[in-house]
Amino acid sequence: MELPNFIYHHLLSWMIFLPVIGMLVISVLPNAKKEAMKWVASGFTLLPLLLGIALFLNFDRQEAGLQFMEQYSWIPTFNIHYFVGADGLSVTMILLTALLSFLCIFASWNIKEGLKGYLCMFLLLEAGMMGVFCALDFFLFYVFWEVMLLPMYFLIGIWGGPKKEYAAIKFFLYTLFGSVLMLVAMLAFYFYSEPHTFSLVELSKPGTLVVKDLTLFGIALSAAAFKKMLFIFLFIGFAIKVPIFPFHTWLPLAHVEAPTPISVILAGVLLKMGTYGLLRISFPILPQETYWFSYALAIFGLINIVYGALCAMAQITLSEKKGGNDLKKLIAYSSISHMGYVILGMSVFTIEGINGAVFQMFNHGITTAMLFLLVGVIYDRVHHRKIDGFGGLGVQVPIYTGIVSLAFFASLGLPGLSSFISEALVFLGAFKVYPSITVLATLGIILNAAFFLWALQKIFLGPLNQKYINLKDVSARELFTLVPLGILVVFLGIYPMPVLDLMKQTLDQILILIQAA
Amino acid sequence: MGSVQLNLVLYSAEVILLLTLLFSLVVSMLSKNRALTLFTALLGLGLAFIDACFLYQYMPQFYFTSQLSHDNFSLFFKLFFIVISAFTLLFAYESKEIDQSRFPEFILLTLSVTIGMSTLVASINLLALYLSLELVSIVSYALAGFRKENRFSNEASLKYLLYGAAASGTLLYGFSLLYGITGSLNLYSISAALGSAYMEPFALYAILLMILFGFGFKMSMVPFHMWAPDVYQGAPTPTAAFFTVAPKIAGIAIFIRFFFTVFSNQTTTPGQWDAIPYLNWPVLIAILSAATMTLGNLSALFQKNAKRMLAYSSIAHAGYMLMGIVVLNHSGLVAILFYAVIYALMNFGAFFVVGIVGNTYKNEDIENFKGLGWKSPLLAIPMAIFLFSLTGLPPLGGFIGKVYLFWALVEQDYYWLLIFAILNTVISLYYYAYIVKEMFLDRPQDKTQVHVSPLATGILVTLSVPLVILGIYWEPLYTYLSSSLRFIVTP
C-alpha cells in the first residue's frame, strides 16, 4: 500500500492527532445531530486504524530499533522533545488501541445523554493512549499518560453505573498517586543523566544515567540504593495501572461501574500501559535494579494469577449481598489474573517468557474486550448482571451463546485459541527460572477454567429461565464489534507468527540489555 | 536628563496609576455611567502597562536616593499587578456584591493597593518597604469590609485589621532590631554588614522570626494564616480573588527580594546562593512550606463553601511557591515567578466562576454547582480547566508550574520536601475534583439558570485559554521570567 509522503513520514503523529481533530469537529457540530456525531467519531477512529494497518504492513520485522521516528524540539531550554516512534514492543499496543477504539465507538451507539461530550472525551482518550504508546520522550510520555486521566474520569463518572462517582474518583486518585511518583523518577532521571535528557532512547544507553550518592531525610543514601528507590517509584506508578496486588482495589470498582465501551478500553488498553511502561522505561533504563527486583516481580505475578482467579471464583460462590454474583466483576477479576501471566513472563528474562508476556498483553486485550462487550450485550437486554439470574439462555440465544463460549474458552486458555499460546510461552519461559513459582501459577489455569466453565453452565445450560423467552439474539451492530475480535482470537491461536514476528527483535534487545547488567 | 526627572520617569507607572485613580473619581462624579468609569480606569491601567513596558530601556539602577530599585524584577511585578487589578475591576463590574453606586470607591481602593504593591516590590530600604507594605495593608482592610451591611464582611475587615496590625508591628520591631545591629536601613548595606562580621545568631533568629511574621502574614504562610479563610470568605468575591492573587504574590516577591538581598550571598556558581553561614533559614522555610501546603490542603478537603475552599487552597499554593525559595538557586526563583503567573490565571479564574454563580444564588455553597456542566457548559468547562490546573494536571499550565518547582527541588536533592509536595498534589485532587463532580457528574437539581454575560465569557476565555496554551508551549514565558529575575546583586 502506497501512502503519500506527508502521511507516511508522520504516520504516528497522524494516528495520535486524528482523534483530536475528530474531537474538534464533533465539538462544533450542533447538539441535535446525534447520528452525524457518531459517524464522525467512527470515521476519526477508522482512520487511525487504517493507518495502523499501514504501519503493520510497512513495519520492518528484522529491525530491533525504532521505526517511524519523528523528533522535533519542543522546549529547547530543557531539552524536551516531541519524539515519537514505534518498535516491536509498542507496535502491537498501537494496533490494539486503534482496533479497540474503533470497535468501541460502535459499542457506544446507544449512549443518549450528553453524546457530544461522550464522543469528545472518548476521542481525547484515544489520542492519549496512542500518545503513551508512541512517545519516546519521558516528558511527552508523562503528559500523554496524564491526559488520559481526565477523559477517563468523566467517562466513568458521567456515563457509569450506580456507584460511578466513587469509582471515578478512586480511579483518579490511585492513578494520580502513581503518576506523581513517576514524575519524581522522571525528574531524577533528567538531572542524573549526562547530558540532561528526557529521551528514553538516550536514557536507555548504558552510561547515560550517572547517579551520585546523596543524603535523604538525613540518611546517607548510596547511588545504588537511590536507583533502587527510583525503580520502586516507577514500579508503584506502573503497578497501580496494571494493577498488581495490592494496588488493584480501584479496578473491580472502575470496571464494573464504567459503561461497556469504557470497560473495554480500561481492560483492553489501559491495563497494558502498566506493563508497557515497565518494559519501555524501567527495564531498559534501570536494568540492574530490574534484575534485583525480578524475584519479587515473579511473586507479584503469582499472587495476581492466583488471587485474581480466586476473586473471580468468589463471584460465583458468593451471594450478591456479599459482593458476589456479578458477571462483570468476574471478568474484571479475571483480568487481574491474566495480567499476572504478563508479570510472571516479564520477570524471568527468557526469550519465551518475555515474548509470551507481550503476546499475552495483546491477547488479553482482545479476549477481555470481547468479554466486556458480551456482558454489555446481555446487560442492555436484561438490565442486570447476576450470574445466577439467567439460566438456559443457550436455547434462546444460540449465536450469543456461541460467541460467549468462544470468548470464555479463549480466556481460560484453550489450545487452538490465542491465549493458549501466550500462556504456554510464559510458563515455558518461567519454568526454566522459577520452577516452583511456575508450578504454583498453573493453579491459576485450573481456577480460570473452573470459574469460566461454571459461569457458562449457570448462564446458558439447564432449563430456560421463563423470564427470557422473548430475549433477542445479538444484533448486526453488536456482531460487527465482536466478530473481528473473534476472528483474531482463532487466527492467532492457530498462526501467531504475524504478531510474534513483530515484537521478537525488540524484545531480544531488551533481554540483552538486562542480561548485560 | 536631570536626576529628579529620571527618578520620576522610573516611577512613572505608579504616577499614571495615581492620576488614573483621581481621574476616574472625577469621571464618576460627572457621570453615573459605571461603564464609563470602568473604561477610564482600564484606560489608565493600559497606559501604565505600556509605560512600564517602555521602562525596560532604562539601565537597572537605584532611585529616589536608593529607596527603590529599578530592575527587571520590579518591572515584571509592576506589569503583573497592573494586569491583575484590571481583571479585578472587570470582575467587580460583573459582580453583584459590589454596590453599583460604590463602584468608583472600589476602583480607588484597588488602584491604591496596586500602587502600594508595585512600590513594595521595588523597595530596597526598610522604611520604603514598610511604608508601601502599610499602604497595601490599610487599604486592604477597607476592601475586605467593602460590603458595609454584611456581617461577615465586617468581621473579615476587623479580623484582617487586628491581625495585620499585629503583623506589621512585629515586622517593624524586627526592622528596628535589624537597624540596631547593622546600623543601616538599606538592604544592601545590611547585607554587607551581616556578611562582614559575626553576629549573635540568637538575635538574628529573633529578627528572622519577626520578619517572617510580617511577610508570612501577607502570603498567608502557616502559622500566620489564621486570618485568611475568614477574610477571603467574608470579603466580596472580587476582593477575595484579588487578595488571594495580588497581595499574596507581592508578599512572596518582597520575601524573595529581602531574603536574597539580606540573608544570602551569591556563590561562585552563577545563579546559586548560600544562606549566610550562621543562619540556616532555608530549612526553616522548608518546614513552613511543607506545613503550609499540608494544612491548606487538609483544611480544604471538607469545606462546603466554594469560597472558603478556594481560600484554603490558596494557602496551600503559597506553600508550593515557598518551595522555590528553599532551594536557593535561580531555577527555584524562576519557578516561583512562573508559578505566580499560572496561579494568578487559575486562581483568579476559579474565584471568578464562583462569583458569577454567586451572583445568581446569593451564596457560594458548593451545592450550587450541581449540574452546572449541563446547565451552562460555558461556565463549567473553564471552571474545570481552572480546577484541574490548580491540581496540576497536564496539559494545563498548573502542571508545568508544579514541574518547575519540583524540578528545582530535585536539582538540589530536596527529596523530603518533594514527597510532601506530591502527596499534597494527590490530596488536593480530591477537593478540586469534588466541584468538578458536582458540575458534571451530578444532574441539575433546580431550574435556576446562571446568567453569563458576554463580558464574563470574554474574561473566562482570556483566563482559561492561556492556561491550556501554557500547558503545551511555555518556552517564551519561561525565558521572559528567567530574565525578570535580575535584581541588582551588589550596590
Rounded to the nearest 0.5 Å, what separation is found between the [atom1] atom of [X] and the [atom2] atom of [Y]?
X: A:Tyr82; Y: B:Ile472; atom1: OH; atom2: CD1; result: 12.5 Å
X: A:Glu146; Y: B:Phe388; atom1: CD; atom2: CZ; result: 11.5 Å
X: B:Thr425; Y: A:Phe177; atom1: OG1; atom2: CZ; result: 11.5 Å
X: A:Glu165; Y: B:Tyr434; atom1: CD; atom2: OH; result: 9.0 Å
X: B:Leu423; Y: A:Leu181; atom1: CG; atom2: CG; result: 7.5 Å
X: B:Trp407; Y: A:Phe78; atom1: CH2; atom2: CZ; result: 5.0 Å

Determine, stepwise, if the pair B:Val436 / A:Phe154 fulfils side-chain contact (heavy atoms from CB on, under 4.5 Å).
CA-CA 9 Å; B:Val436 176; A:Phe154 287 114; 3.4 Å; yes
If every non-hydrogen atom of [X] is compared with every non-hydrogen atom of [Y], which pair is closest and at what distance?
X: B:Lys437; Y: A:Tyr153; answer: CB-OH, 3.6 Å
X: A:Phe191; Y: B:Glu411; answer: CE2-CG, 3.4 Å
X: B:Pro395; Y: A:Val147; answer: CD-CG2, 3.7 Å
X: B:Val426; Y: A:Leu173; answer: O-CD2, 3.4 Å
X: B:Arg443; Y: A:Ile158; answer: NH2-O, 3.4 Å
X: B:Leu441; Y: A:Gly157; answer: CG-O, 3.1 Å

B:Phe399 ring center within less than 6.0 Å of A:Tyr142 ring center:
yes
Do the two ring centres, one from A:Phe172 and one from B:Tyr432, sit under 6.0 Å apart?
no
Within a radius of less than 6.0 Å around [atom1] of [X], do more than 12 heavy atoms belonging to other residues, nucleotides or ligands occur?
X: B:Glu367; atom1: CD; answer: no
X: A:Tyr166; atom1: OH; answer: no
X: A:Trp14; atom1: CH2; answer: no
X: B:Phe420; atom1: CZ; answer: no

Quick check on B:Ile381 against chain A: is it the side chain, the backbone, both or neither that has a heavy atom closer than 4.5 Å?
neither
Using non-hydrogen atoms only, which part of A:Trp145 is less than 4.5 Å away from chain B: side chain, backbone, both, or neither?
neither
Is A:Ile169 close to chain B through its backbone or its side chain, or both, or neither, when contacts mean heavy atoms under 4.5 Å?
side chain
Can A:Val184 and B:Ile419 be said to form a side-chain contact (heavy atoms from CB on, under 4.5 Å), step by step?
CA-CA 9 Å; A:Val184 176; B:Ile419 302 283; 5.6 Å; no
Top contributor to chain A contacts, counting heavy-atom pairs under 4.5 Å, from B:Leu429, B:Leu396, B:Ile422:
B:Leu429
Step by step, work out the side-chain contact (heavy atoms from CB on, under 4.5 Å) result for B:Phe406 and A:Met186.
CA-CA 11 Å; B:Phe406 292 175; A:Met186 174 179 104; over 6 Å; no
Would a distance-only check, ignoring hydrogens and angles, find a side-chain to backbone donor-acceptor pair under 3.5 Å from B:Trp474 to A:Ile75?
no
